[in-house]
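To start, the structure under review is shown below, and the notes come after it.
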Number of protein chains: 2
Amino acid sequence: MNLKTLAQELGLSPTTVSRALNGYPEVSEATRIRVMKAAEAANYRPNTQAKRLATGRAMAIGHIIPISTRHEIVNPVFADFIAGAGEVYARRGYDMVITIVPDDQEARAYAELRSKGNVDGVLVHAPKVEDHRIAMLDHLGLPFVLHGRVSGIESSYSWVDVNNVRAFTRATNFLLDLGHRRIALINGIGNMDFARRRRRGYEQALTARGIAPDPALITEGEMTEAQGHDAAREMLQLSNPPTAFLTASLLSAMGARRGIEEAGLKMGRDISIVTHDDELGYLKNGTAEEPIFTATRSSVREAGRRCAALLIDQIESGDRTPRHELMEAVLVLGQSTGPAPTA
Amino acid sequence: MNLKTLAQELGLSPTTVSRALNGYPEVSEATRIRVMKAAEAANYRPNTQAKRLATGRAMAIGHIIPISTRHEIVNPVFADFIAGAGEVYARRGYDMVITIVPDDQEARAYAELRSKGNVDGVLVHAPKVEDHRIAMLDHLGLPFVLHGRVSGIESSYSWVDVNNVRAFTRATNFLLDLGHRRIALINGIGNMDFARRRRRGYEQALTARGIAPDPALITEGEMTEAQGHDAAREMLQLSNPPTAFLTASLLSAMGARRGIEEAGLKMGRDISIVTHDDELGYLKNGTAEEPIFTATRSSVREAGRRCAALLIDQIESGDRTPRHELMEAVLVLGQSTGPAPTA
DNA sequence: GGTCAAGTCCAAAGCGCTTTGGACATGGTG
DNA sequence: CACCATGTCCAAAGCGCTTTGGACTTGACC
């Protein structure tokens with residue numbers, strides 16, 4: 001069933017039928033209703049490709065996911081972010097087009113998306129400390145929104161981010177207030193911008209209290225359970241071990257807890273943990289009423305929603321002035337923190 | 001830059017340029033090279049929408065992800081599966097179109113995808129015990145491949161699946177051989193077909209050794225850390241507790257381990273665990289040389305690759321005869337299993 | 001030398017839609 | 001009554017590509 005035959009059946013021109021269905025005013029209400037009903041009855045839906053070609057709008061948003069050929073990690077946050085963004089796309093009539101690409105071909109993938117015209121804009125993930133993608137996308141003229149920021153360049157493009165500095169400053173201060181002085185940071189990969197910011201928040205809080213950050217208490221890594229475990233285990237063997245851990249993800253925190261318990265210590269009594277919690281669907285921090293870990297919490301799914309909404313707004317309005325959204329993490333109290341043990 | 005102007009610049013007709021670029025034989029090798037070079041230089045790439053409209057092929061595969069409005073879980077396996085499928089799509093020139101949809105509108109979403117023509121086929125996820133999607137897709141005439149199977153109807157459509165029955169039979173036999181008699185199953189959600197199959201494998205193995213499955217030792221749930229923990233904790237408090245657990249995912253296994261340790265027991269010595277391991281990128285079972293958990297292992301990413309390849313093969317060949325691929329899980333030995341403690 | 005197949009190219013139609021630029025009727029206004 | 005704004009519809013062009021159905025040249029073959 002296509003527009004032409006539908007129009008024939010109705011004894012109307014394709015023009016009128018198209019206008020009736022798309023809500024243009026140049027058609028009488030009576031015929032509009034007649035057309036709508038016939039379209040419904042015939043289960044007619046305009047062909048996407050034809051519509052796209054005619055309008056010049058792809059009605060699709062791209063996500064490019066680089067896959068490292070070396071360490072094959074798929075970002076665990078990805079699924080939830082996608083789910084959030086996808087809700088918005090569906091509601092607003094956009095397709096979500098995901099491209100998996102070897103990480104050395106990422107730039108090329110953006111250029112192709114642009115020149116082939118399959119998308120109206122892209123959502124950009126996981127910014128690194130020095131991220132060349134911004135300049136590249138500006139150059140391509142492809143509308144985009146960044147999930148996160150790149151330190152140093154924050155005003156020339158649109159982004160949605162969590163206030164990571166503030167979240168980790170608060171978390172650190174919270175531990176300091178409980179009397180902890182040896183606080184360790186089990187961070188994400190060092191060249192990720194969000195990890196850099198969290199570290200900054202952590203160090204600022206320490207410094208403000210006159211405590212010099214100890215490099216022996218800072219590690220970076222892939223935010224897996226194993227990473228959390230190994231890092232905690234090693235640090236607890238130091239001659240001057242930490243009494244508290246700050247971890248970058250629930251998985252790391254779970255690993256750290258295991259390391260703590262292996263050392264014969266009890267989390268929340270002997271050693272405290274504050275973790276960041278992205279509120280992933282499959283990785284809950286206990287229940288809403290009873291969190292296991294004290295955590296800086298911010299929904300990555302909500303971030304996905306906001307990114308998508310922002311991008312579509314920009315595309316549809318044609319307004320290219322950058323917009324920013326800074327989400328604040330809440331600090332929720334769980335069972336993983338307590339006063340520093342008195343030596 | 002479009003075909004027309006490129007043709008003009010070359011002093012050729014659009015026909016010839018199109019043919020040259022698409023590898024048709026009706027063009028001399030000399031002009032083909034000339035065209036290729038000019039296209040390269042002009043950074044020309046044919047407009048996707050136009051190509052799609054002209055050829056009638058969407059060059060895209062759809063994935064529909066239903067999101068339950070009640071429990072907001074995003075399948076943790078999803079990201080890795082997508083990554084695998086996406087590799088294949090990219091290699092073969094297909095887009096991956098993902099639609100997030102409230103679960104009560106899933107059928108509608110498939111119908112729309114079909115009538116709007118945005119995809120050439122779909123990959124169907126997470127089959128339930130009685131899954132109406134197969135009949136629906138057959139009726140729609142939309143090519144599809146199912147990741148998993150639906151017990152009872154296995155020959156009328158294409159699927160790629162792990163031999164779950166066999167995997168769990170082997171795991172159970174392995175524990176039985178170690179002397180375990182009270183073996184618990186911490187399974188996935190009961191109406192998922194894969195969970196049903198795993199249970200079947202488990203029960204078959206027990207029965208074959210003359211052990212009647214004990215309903216008190218079987219639970220079903222969402223495969224989270226908390227589920228594993230709570231289930232293990234409860235079962236260990238039974239008057240006749242299990243000496244071994246079979247879990248459906250690494251997260252459940254991690255939770256079970258926590259429950260075991262909380263009970264003052266040691267995994268691998270007092271209580272054994274065998275888990276299924278989907279080899280998710282962000283959830284490793286220790287290292288390849290030293291797995292933590294004894295596990296039935298099967299890469300969901302590889303399953304994604306195979307599903308994608310199978311679907312594209314079917315679409316491009318036009319051959320609609322169903323094809324099946326059954327993947328065998330390997331049983332890897334970790335540190336979580338040992339002989340049953342002698343009472 | 002005439003015929004025919006093969007090689008090389010092109011004009012034009014068509015994919016299914018949107019959109020421009022009228023055409024025609026109607027009714028209100030001076 | 002002439003004029004014009006308004007409402008309602010349509011024909012046709014166009015989006016950028018593919019593909020059908022030739023046209024023309026060349027060289028082999030009888």
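Just so we're clear, the structure is a prediction, and the values are computed from it rather than from any experiment. A note on names: the letters A, B, ... follow the listed sequences, proteins ahead of strands, and every chain is numbered from 1.
Rounded to an integer number of Å, the gap from Gln49(A) CD to dG16(C) P is 11 Å. One can place CD1 of Ile33(A) at 12 Å from P of dT8(D), the figure rounded to the nearest angstrom. Note: CD (Glu29(B)) to C1' (dC9(C)) measures 15 Å, nearest angstrom. Between the CG atom of Leu3(B) and the P atom of dA13(C) there is a distance of 18 Å, rounded to whole Å. For the pair Leu12(B) CG and dC10(C) C1', the computed distance is 10 Å after rounding to whole Å. Taking atom OH of residue Tyr24(A) and atom P of nucleotide dT8(D), one finds them 17 Å apart after rounding to whole Å. In this structure, Asn47(A) atom CG and dG16(D) atom P are separated by 17 Å, rounded to whole Å. Following rounding to the nearest Å, Glu26(A) (CD) and dG22(C) (P) show an atom-to-atom distance of 15 Å.
A sub-4.0 Å separation between OP1 or OP2 of dC17(C) and a side-chain N or O of Ser18(A) is absent. For Thr55(A), no side-chain nitrogen or oxygen approaches OP1 or OP2 of dT18(C) to under 4.0 Å. The phosphate of dT18(D) (OP1 or OP2) has a side-chain N or O of Lys51(B) nearer than 4.0 angstrom. Residue Thr31(A) places none of its side-chain N or O atoms closer than 4.0 Å to OP1 or OP2 of dT8(D). Listed pair Tyr44(A) / dC17(C) meets the phosphate criterion, a side-chain N or O lying under 4.0 Å from OP1 or OP2. Between dA11(D) and Ser13(A), no contact under 4.0 Å exists linking OP1 or OP2 to a side-chain N or O. Within the 4.0 Å cut-off from OP1 or OP2 of dT18(D), at least one side-chain nitrogen or oxygen of Asn22(B) is found.
At distances below 3.5 Å, at least one donor-acceptor pair connects side-chain atoms of Arg114(A) with backbone N or O atoms of Gly141(A).
Taking 3.5 Å as the limit, the base of dT19(C) and the side chain of Thr15(A) contain a donor-acceptor pair of atoms between them.
Gly11(A) comes within contact range of the sugar-phosphate backbone alone, with a heavy-atom separation under 4.0 Å but no base atom that close. Residue-level contact check: Arg52(A) touches neither bases nor backbone, having no heavy atom under 4.0 Å from any strand.
When distances run from any side-chain atom of Ala54(A) to the nucleotides dC17(D), dG21(D), dG14(D), the shortest one goes to dG14(D). Distance from the side chain of Val27(A) is smallest for dC9(D) among the nucleotides dC15(D), dC10(C), dC9(D).
The 5' end of DNA chain C is approached more closely, in terms of each residue's nearest nucleotide, by Ser28(B) than by the other of Arg45(A) and Ser28(B). Comparing Ala50(B) and Pro14(B) against DNA chain C, the residue whose closest nucleotide sits nearer the 5' end is Pro14(B).
The aromatic rings of Tyr89(B) and His63(B) stand perpendicular to each other, their planes meeting at an angle above 60°, with 30° marking the opposite boundary.
Salt-bridge formation is detected for the pair Asp95(A)/Arg52(A): a Lys NZ or Arg NE/NH1/NH2 atom is positioned less than 4.0 Å from an Asp or Glu carboxylate oxygen. Taking 4.0 Å as the cut-off between side-chain N and carboxylate O, Lys37(B) and Glu40(B) do not count as a salt-bridged pair. Checked for salt-bridge contact, Arg305(A) and Glu302(A) meet the test: a charged N lies under 4.0 Å from a carboxylate O.
There is a side-chain donor-acceptor pair under 3.5 Å between Tyr94(A) and Arg57(A).
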